[in-house]
Amino acid sequence: MKTENYDVIVIGGGAIGLATAYHLGKRKANTLVLEQFTFVNQLGSSAGVSRQFRIPYPDDYMVQMALDAQPYWDELQKETDTPLLDKVGTLWFGDPNVHSTEGNIAEAEAALKALNVPYTNLTAREIEDQYHFRNLPANYIGLFQPDGASINFKATIETLLGLCKKEETVELKEDSPVLEIKQNGKLFEITTPNGIYIAKKLAIIPGPYINSVINLLDFKIDATYWNMSSAYFKKTDPTIQYPTWFVFQDPILENGNQFYGFPSVDWDHPEYIRVAPDFVINPLEEPSDRTLIPNPQELAYTSEWVKNHMTGLNTEPEYTSTCLIALSTIENKELLIDFAPKYVPNHKNIVLYATGWAAKFTPFLGKIMSDLALDGHTDFDISHFQLGRKFFKSM
């Protein structure tokens with residue numbers, strides 16, 4: 001059966017795919033969302049329950065993007081009675097000379113200053129006194145930014161899914177992996193196990209499975225894949241609370257290097273603190289190599305860090321989880337937002353988002369992607385995220 005009344009087909013029904021469909025629905029665009037698994041699944045980068053919203057970044061444009069995302073979170077919050085953000089602040093601390101996948105503390109401070117974002121400087125002793133950490137090296141510094149929050153990510157996805165279901169112009173189909181993409185003039189013909197669907201435009205947002213879709217259009221994105229681990233540590237002192245945080249450490253001196261954490265929250269094991277390594281020991285070559293089992297050495301390093309540097313917690317985790325993330329292998333390209341490369345026919349009607357940690361931008365990215373799909377442009381400056389020819393390999 002062929003259907004020819006879709007303005008846009010969104011490929012990928014995770015958080016950002018649903019956010020895109022939500023904004024398309026608001027503009028009354030006839031939209032189809034194709035999800036290869038089920039909605040609200042645990043198999044991609046939308047897995048898990050919580051994420052961090054934070055303003056600090058080492059680049060001005062990323063700080064600006066976080067600031068621009070805030071009103072879109074406020075708008076989405078109006079659509080549900082379930083709190084989506086628990087505003088506990090963001091603490092960045094550690095060795096000021098360390099550069100990591102998250103950047104550098106001094107560079108983040110400079111970016112916050114440049115955009116007049118409020119924050120507080122901290123010494124190692126102040127971090128210990130105010131935020132329950134201990135045994136920090138004397139050279140550690142920190143900054144606290146009060147707008148940081150813990151995102152109820154599962155509720156965010158469920159809210160977006162519910163809003164899409166309410167929109168008359170949005171159709172949702174799960175268990176519908178894309179098997180083939182054909183072009184007939186200016187139209188795209190998408191084949192799935194459940195039918196063939198036709199649309200004027202495509203928004204390709206399948207998270208770490210991006211290449212399985214764009215390979216059908218004869219290009220790919222160079223990426224590596226992390227099966228990221230998380231661990232939940234039971235509180236021994238119920239009065240203790242942490243902000244969202246990230247620690248920058250010398251990889252030579254500290255096992256495992258970088259870690260980050262969350263406060264206890266009502267929606268995700270409320271008597272526990274979640275701590276996670278911001279590294280993987282064995283990156284994956286393909287998403288299909290992923291398992292749902294955390295790497296035991298990563299968990300051991302995490303437990304060791306909790307034991308040495310945190311207070312009020314048991315030192316062995318009682319729950320664990322994993323999440324699959326794709327990361328661009330091109331330097332200084334975390335998020336990739338663009339049209340398909342020029343050699344792909346009808347490329348200006350194919351928009352895609354891929355790679356990077358983007359949960360904090362979910363509703364804003366939905367707006368960006370919907371505008372790119374419908375209008376061919378967005379008011380937000382995406383020049384820092386565009387792909388460029390060197391980021392593709394022709395199949």
Side-chain angles (χ1 to χ4, degrees), residues 48-52 54 86 88-102 105 122-144 148 150 226-266 268-283 291-323 325 357:
V49 179
S50 297
R51 293 293 192 278
Q52 290 190 9
R54 42 99 169 183
D86 180 24
V88 292
T90 296
L91 174 65
W92 272 26
F93 68 101
D95 187 328
N97 298 312
V98 166
H99 291 255
S100 80
T101 54
E102 299 292 339
I105 296 175
L122 299 159
T123 66
R125 300 291 78 80
E126 288 171 333
I127 295 166
E128 292 180 346
D129 292 343
Q130 296 178 37
Y131 298 107
H132 312 296
F133 293 96
R134 65 193 185 101
N135 299 329
L136 299 181
N139 70 316
Y140 277 21
I141 64 170
L143 62 85
F144 180 81
S150 185
W226 287 13
N227 187 38
M228 298 189 72
S229 304
S230 281
Y232 292 79
F233 297 85
K234 188 172 178 60
K235 293 201 289 186
T236 57
D237 181 347
T239 67
I240 278 185
Q241 181 60 298
Y242 286 86
T244 60
W245 57 270
F246 185 93
V247 61
F248 296 76
Q249 300 182 131
D250 187 330
I252 297 175
L253 300 177
E254 295 282 351
N255 285 334
N257 198 10
Q258 319 299 333
F259 299 93
Y260 64 101
F262 296 76
S264 57
V265 289
D266 292 341
D268 188 18
H269 302 303
E271 299 304 316
Y272 293 78
I273 296 291
R274 179 180 162 209
V275 183
D278 196 50
F279 62 88
V280 294
I281 293 173
N282 298 308
T291 74
L292 298 176
I293 302 172
N295 182 291
Q297 187 60 66
E298 294 168 9
L299 293 180
Y301 285 147
T302 305
S303 293
E304 181 183 16
W305 202 88
V306 169
K307 179 180 179 180
N308 291 338
H309 298 295
M310 299 185 74
T311 62
L313 304 178
N314 284 336
T315 58
E316 293 298 324
E318 294 188 31
Y319 303 99
T320 62
S321 63
T322 62
C323 178
I325 184 76
W357 291 282

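Because only heavy atoms are used, hydrogens play no part in the values below, and waters and symmetry mates are left out as well, while side chains stay in.
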Notebook entry, point to check: With a cut-off of 6.0 Å (strictly less than), are more than 12 heavy atoms of other residues, nucleotides or ligands near CG of Asp237?
Noted result: yes

Checklist line | For Tyr131, the option from Phe144, Tyr140, Trp245 that meets ring-ring contact (aromatic ring centres under 6.0 Å, His included) | finding: Phe144

Margin query: Quick one, Gln241 with Ser264, criterion side chain to side chain contact (heavy atoms under 4.5 Å, CB included). Give me CA distance, side-chain angles, the key distance, then yes/no.
Written below: CA-CA 7 Å; Gln241 181 60 298; Ser264 57; 3.4 Å; yes

Margin query: Test side chain to side chain contact (heavy atoms under 4.5 Å, CB included) on Ile240 and Thr311; report intermediate values, then the result.
Written below: CA-CA 8 Å; Ile240 278 185; Thr311 62; 3.7 Å; yes

Note to self: Can you confirm whether Tyr260 sits close enough to Arg54 that some side-chain heavy atom of one is under 4.5 Å from a side-chain heavy atom of the other?
What the structure shows: no

Next item on the list: For the residue pair Pro317 and Thr302, establish whether any side-chain heavy-atom pair is separated by less than 4.5 Å.
Entry: no

Margin query: Looking at Lys307 and Glu304, is there a salt bridge between them, counting it only when a charged N and a carboxylate O are closer than 4.0 Å?
Written below: no

Check: Does the His132 side chain pair with the main chain of Met310, one donor and one acceptor, at a distance under 3.5 Å?
Finding: no

Note to self: Whether the Arg274 and Ser230 side chains hold a donor-acceptor pair (N or O, under 3.5 Å, no angle test) is what I'd like checked.
What the structure shows: yes

Note to self: Quick check for you: to the nearest 0.5 Å, what is the distance between Lys234 atom NZ and Thr315 atom OG1?
What the structure shows: 14.0 Å

Check: Regarding Glu102 and Trp92, is there a side-chain donor-to-acceptor distance under 3.5 Å anywhere?
Finding: no

Margin query: Determine whether Thr236 and Asn314 satisfy the following criterion, side chain to side chain contact (heavy atoms under 4.5 Å, CB included), listing intermediate values before the conclusion.
Written below: CA-CA 6 Å; Thr236 57; Asn314 284 336; 3.1 Å; yes

Item checked: Of Tyr272, Phe233, Tyr232, the residue whose pairing with Leu313 passes side chain to side chain contact (heavy atoms under 4.5 Å, CB included) -> Phe233

Note to self: Set out, in order, the CA-CA distance, both residues' side-chain angles and the distance that settles side chain to side chain contact (heavy atoms under 4.5 Å, CB included) for Val98 and Gln249, then state yes or no.
What the structure shows: CA-CA 6 Å; Val98 166; Gln249 300 182 131; 5.6 Å; no

Notebook entry, point to check: Short question: side chain of Asn295, backbone of Val280 - any donor-acceptor pair under 3.5 Å?
Noted result: no

Checklist line | Any donor-acceptor N/O pair, Asn135 side chain to Asn308 backbone, under 3.5 Å | finding: yes

Next item on the list: Run through Phe133, Phe262, Phe93 and flag the one making a ring-ring contact (aromatic ring centres under 6.0 Å, His included) with Tyr242.
Entry: Phe133

Checklist line | Pro263 to Ile273 - nearest heavy-atom pair and separation | finding: C-CD1, 3.9 Å

